[in-house]
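Only a predicted model underlies this, so the values are computations on that prediction, with no experimental measurement involved. Along the sequence shown, residues carry numbers from 1.
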Amino acid sequence: MADETLFEFLHMEIVSHVYKEQQSSKGTMDNKDRAVCVSVLEGMGFRVGQGLIERLTRDSPSFKDELDIMKFICKDFWTKVFRRQVDNLRTNHQGTYVLQDNKFNLLTQLSNGKQYLDQAPKYLAFSCGVVRGALSNLGLESVVTAEVSVMPSCKCFVKT
């Protein structure tokens, strides 16, 4: 329990630091500056995801297909990183997957409902990078985005 709380606070501080650094260099932030911050956070998450998946799959047999990899991400990887399984995995069987977490722990500290909904994307950039980094090390090049309609629920869209 203590390590979860420490990670959540560290994550909030990293996000805050990245945004403050970008804002202090310019004074005000426009959409381009926000995109730079999201890119920095996503890059950090990418490297973390690569390292975590190396450790988690060290003793695992290889995966037979893309869907097998996504099931591993939803069950085992998500559980190790976010302390719970994905609530729902959907696919169109053409390389698009939707992972839904109805109580995403990096958003639960922010709000329940629609309060602070505009702040949610910056707190999801790191997590998208973690998933993209893990998939990259498993041989799947992908684009990972996230969407929040009601806090603390989030949907991650993975396109391979």
Side-chain angles (χ1 to χ4, degrees), residues 4 7-8 10-12 14-15 18-19 22 30-111 113-114 116-160:
E4 285 180 50
F7 175 71
E8 288 171 13
L10 177 63
H11 178 259
M12 285 184 186
I14 289 171
V15 171
V18 168
Y19 274 79
Q22 187 68 24
D30 57 9
N31 286 339
K32 183 180 177 188
D33 296 328
R34 286 184 194 90
V36 168
C37 292
V38 167
S39 179
V40 167
L41 290 167
E42 202 263 347
M44 287 179 186
F46 183 83
R47 182 61 195 113
V48 169
Q50 285 181 318
L52 286 173
I53 204 70
E54 282 179 17
R55 297 185 96 199
L56 290 175
T57 59
R58 181 178 27 196
D59 299 326
S60 299
S62 61
F63 301 102
K64 53 184 179 177
D65 61 1
E66 196 173 276
L67 185 59
D68 210 24
I69 292 172
M70 291 308 298
K71 286 179 183 177
F72 177 81
I73 293 292
C74 292
K75 290 179 181 177
D76 300 317
F77 183 75
W78 203 270
T79 302
K80 291 287 186 188
V81 177
F82 302 114
R83 302 286 186 223
R84 58 188 311 256
Q85 285 186 8
V86 169
D87 293 309
N88 196 350
L89 169 65
R90 294 177 187 232
T91 181
N92 65 357
H93 298 288
Q94 296 175 354
T96 302
Y97 300 89
V98 180
L99 292 69
Q100 183 168 349
D101 190 338
N102 295 326
K103 195 176 176 193
F104 190 63
N105 67 352
L106 295 179
L107 294 177
T108 54
Q109 300 299 321
L110 290 177
S111 165
K114 294 194 182 265
Y116 302 120
L117 199 58
D118 58 330
Q119 299 294 314
K122 66 184 181 182
Y123 291 96
L124 295 173
F126 181 83
S127 304
C128 288
V130 168
V131 173
R132 192 172 71 86
L135 290 172
S136 174
N137 255 19
L138 293 174
L140 285 180
E141 292 306 315
S142 61
V143 175
V144 180
T145 56
E147 170 187 289
V148 177
S149 53
V150 177
M151 301 265 266
S153 175
C154 84
K155 288 183 181 177
C156 291
F157 298 93
V158 178
K159 294 180 183 167
T160 59

J.: Could you pull out the closest heavy-atom pair between Gln85 and Trp78, with the gap in Å?
T.: C-CD1, 4.0 Å
J.: Do you know which two heavy atoms are closest between Leu117 and Ser149, and how far apart they sit?
T.: CD2-O, 3.5 Å
J.: Once rounded to the nearest 0.5 Å, what's the spacing between atom NZ of Lys159 and atom CD of Gln94?
T.: 12.0 Å
J.: Where do Phe77 and Thr57 land on the side chain to side chain contact (heavy atoms under 4.5 Å, CB included) test, with the steps shown first?
T.: CA-CA 9 Å; Phe77 183 75; Thr57 59; over 6 Å; no
J.: Restricting to non-hydrogen atoms, name the atom on Asn102 and the atom on Asp87 that form the minimum distance, rounded to 0.1 Å.
T.: N-OD2, 2.5 Å
J.: Quick check on the 6.0 Å ring-centre criterion: do Phe104 and Phe82 meet it?
T.: yes
J.: For the NZ atom of Lys103 and the OG atom of Ser153, what is their distance to the nearest 0.5 Å?
T.: 12.0 Å
J.: Give me the atom names and distance for the closest heavy-atom approach of Ile14 to Met44.
T.: CG2-SD, 3.8 Å
J.: Enter the distance from Arg47:CZ to Leu52:CG here, rounded to the nearest 0.5 Å.
T.: 9.5 Å
J.: Under 3.5 Å, side chain of Asp33 to main-chain N/O of Asp30, donor-acceptor pair present?
T.: yes
J.: Testing the basics here: between Leu107 and Tyr123, what is the closest heavy-atom pair and its distance to 0.1 Å?
T.: CD2-CB, 4.1 Å
J.: Begin from the C-alpha positions of Thr96 and Phe157 and carry the test side chain to side chain contact (heavy atoms under 4.5 Å, CB included) through to its verdict.
T.: CA-CA 7 Å; Thr96 302; Phe157 298 93; 5.5 Å; no
J.: Could you give the distance from CD1 (Ile53) to CZ (Arg58), rounded to the nearest 0.5 Å?
T.: 12.0 Å
J.: Quick check for you: to the nearest 0.5 Å, what is the distance between Ile73 atom CD1 and Thr79 atom OG1?
T.: 11.0 Å
J.: To the nearest 0.5 Å, how far apart are OH in Tyr97 and SG in Cys74?
T.: 10.0 Å
J.: Going by side chain to side chain donor-acceptor pair (under 3.5 Å), name the residues that satisfy it together with Lys122, two or more places apart in sequence or in a different chain.
T.: Gln119
J.: Side-chain contact, heavy-atom cut-off 4.5 Å: Lys155 with Leu99?
T.: no
J.: Would Lys71 and Phe63 count as a side chain to side chain contact (heavy atoms under 4.5 Å, CB included) if you check the C-alpha gap in whole Å, the side-chain angles of each, and the deciding distance to 0.1 Å?
T.: CA-CA 10 Å; Lys71 286 179 183 177; Phe63 301 102; over 6 Å; no
J.: Of all the heavy-atom pairs spanning Gly95 and Asn92, show the shortest one and how long it is.
T.: N-OD1, 3.6 Å
J.: Show me the side-chain donor-acceptor pairs of residues 126-146 shorter than 3.5 Å, one per line, residues at least two apart or across chains.
T.:
{"residue": "Arg132", "atom": "NE", "partner": "Glu42", "partner atom": "OE2", "Å": "2.5"}
{"residue": "Arg132", "atom": "NH2", "partner": "Glu42", "partner atom": "OE1", "Å": "3.2"}
{"residue": "Arg132", "atom": "NH2", "partner": "Glu42", "partner atom": "OE2", "Å": "3.4"}
{"residue": "Ser136", "atom": "OG", "partner": "Glu141", "partner atom": "OE2", "Å": "3.4"}
{"residue": "Asn137", "atom": "ND2", "partner": "Gln50", "partner atom": "O", "Å": "3.1"}
{"residue": "Asn137", "atom": "ND2", "partner": "Glu54", "partner atom": "OE2", "Å": "3.1"}

J.: Using the rule given for side chain to side chain contact (heavy atoms under 4.5 Å, CB included), can you reason through Met70 versus Val158, listing the C-alpha separation, both sets of side-chain angles and the distance that settles it, and then say yes or no?
T.: CA-CA 9 Å; Met70 291 308 298; Val158 178; 4.1 Å; yes
